[in-house]
Amino acid sequence: MTFWAIVVAAGSGSRFGAPKHTAIIAGRPLWELASAILSEAGAASVVVVGEVAGGVAGGARRRDSVAAGLAEIPLDVEFVLVHDAARPLATVDLALRVASRIGEGDADAVIPGIEVTDAIKHLDPGGRVVSVDRAPLRAVQTPQGFRAASLRAAHEAVDGDAADDAELIEQWGGTVVMIDGEPSNLKITYEGDLAVAEVLLGAR
């Protein structure tokens with residue numbers, strides 16, 4: 001199948017303390033590693049959204065940055081993968097599995113997820129702690145795959161913000177399916193995560 005890809009590299013990195021996408025592991029910036037994963041998986045083209053060489057300008061919110069990337073993709077492209085620069089350890093195999101699943105044609109979005117291993121608690125507005133059954137819960141990752149037409153329609157129809165594009169598809173009324181993600185697909189959130197990422201990448 002043929003697909004295009006978007007790498008979101010436009011965040012401010014408020015918890016990280018600086019823009020994360022330019023942080024270096026294994027001698028390469030995160031955005032470049034994330035982009036390479038998609039290229040190696042066979043993306044016809046990768047649009048990087050952010051202040052990087054060859055990138056396009058992002059927006060105030062993540063969804064705005066994805067929309068900016070979508071605007072660069074020809075309308076006849078059927079499938080698109082959206083990946084975060086903050087997840088430079090995703091493997092080519094994961095990208096291929098996402099692309100293969102969305103290519104089956106029975107879903108608007110495909111997302112990778114992993115089981116939640118920590119105990120989960122819900123803190124209500126009054127400060128009361130309530131245990132949550134973690135069995136049906138999954139932590140969601142990128143890259144995520146989409147029918148390009150569905151993703152465009154969801155962006156146009158749904159107002160407000162969303163944690164990821166799959167949430168926009170849900171609110172739009174589309175079909176989202178999940179495949180197995182990768183425990184090593186670490187999201188770089190804090191500066192200390194870089195050291196962990198270096199070790200995991202070196203182990204490969």
>> Apply side-chain contact (heavy atoms from CB on, under 4.5 Å) to residues H122 and V129 and explain how you reach the verdict.
In response: CA-CA 6 Å; H122 171 74; V129 175; over 6 Å; no
Give a yes or no on whether [X] and [Y] share a hydrophobic cluster (residues Ile, Leu, Val, Met, Phe, Trp, Tyr; joining criterion: side-chain heavy atoms under 4.5 Å apart).
{"X": "F79", "Y": "L38", "result": "yes"}
{"X": "V80", "Y": "I169", "result": "yes"}
{"X": "V116", "Y": "V132", "result": "yes"}
{"X": "I114", "Y": "I179", "result": "no"}
{"X": "L151", "Y": "V47", "result": "yes"}

>> Under 4.0 Å between a side-chain nitrogen and a carboxylate oxygen: does that hold for R62 and D165?
In response: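 Yes, charged N to carboxylate O under 4.0 Å.
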> Do D106 and R101 sit within salt-bridge range, that is, some charged N less than 4.0 Å from a carboxylate O?
Replying inline: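 The answer is yes: the pair qualifies as a salt bridge.
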> If you draw a 6.0 Å radius around CD in E115, do more than 12 non-hydrogen atoms from other residues or ligands fall strictly inside?
Replying inline: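 Check fails, neighbour count at 12 or below.
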>> Apply side-chain contact (heavy atoms from CB on, under 4.5 Å) to residues R87 and L30 and explain how you reach the verdict.
In response: CA-CA 8 Å; R87 289 190 184 272; L30 303 190; over 6 Å; no
>> Using a 3.5 Å distance criterion without hydrogens, assess whether the side chain of N185 forms a donor-acceptor pair with backbone atoms of E182.
In response: no
> Just by distance, do the side chain of S65 and the backbone of V8 share a donor-acceptor pair under 3.5 Å?
Replying inline: no
> How far apart are the C-alpha atoms of D108 and V176, what are their side-chain angles, what is the distance that settles it, and do they pass the side-chain contact (heavy atoms from CB on, under 4.5 Å) test?
Replying inline: CA-CA 6 Å; D108 297 293; V176 180; over 6 Å; no
> Between E78 and T2, is any side-chain donor less than 3.5 angstrom from a side-chain acceptor?
Replying inline: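 No, no side-chain donor-acceptor contact under 3.5 Å.
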>> Distance check, rounded to the nearest 0.5 Å: I111 atom CD1 versus E170 atom CD?
In response: 7.0 Å
>> Rounded at 0.5 Å granularity, tell me how far CG in D161 sits from CZ in R61.
In response: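 D161 CG to R61 CZ: 5.0 Å, rounded to 0.5 Å.
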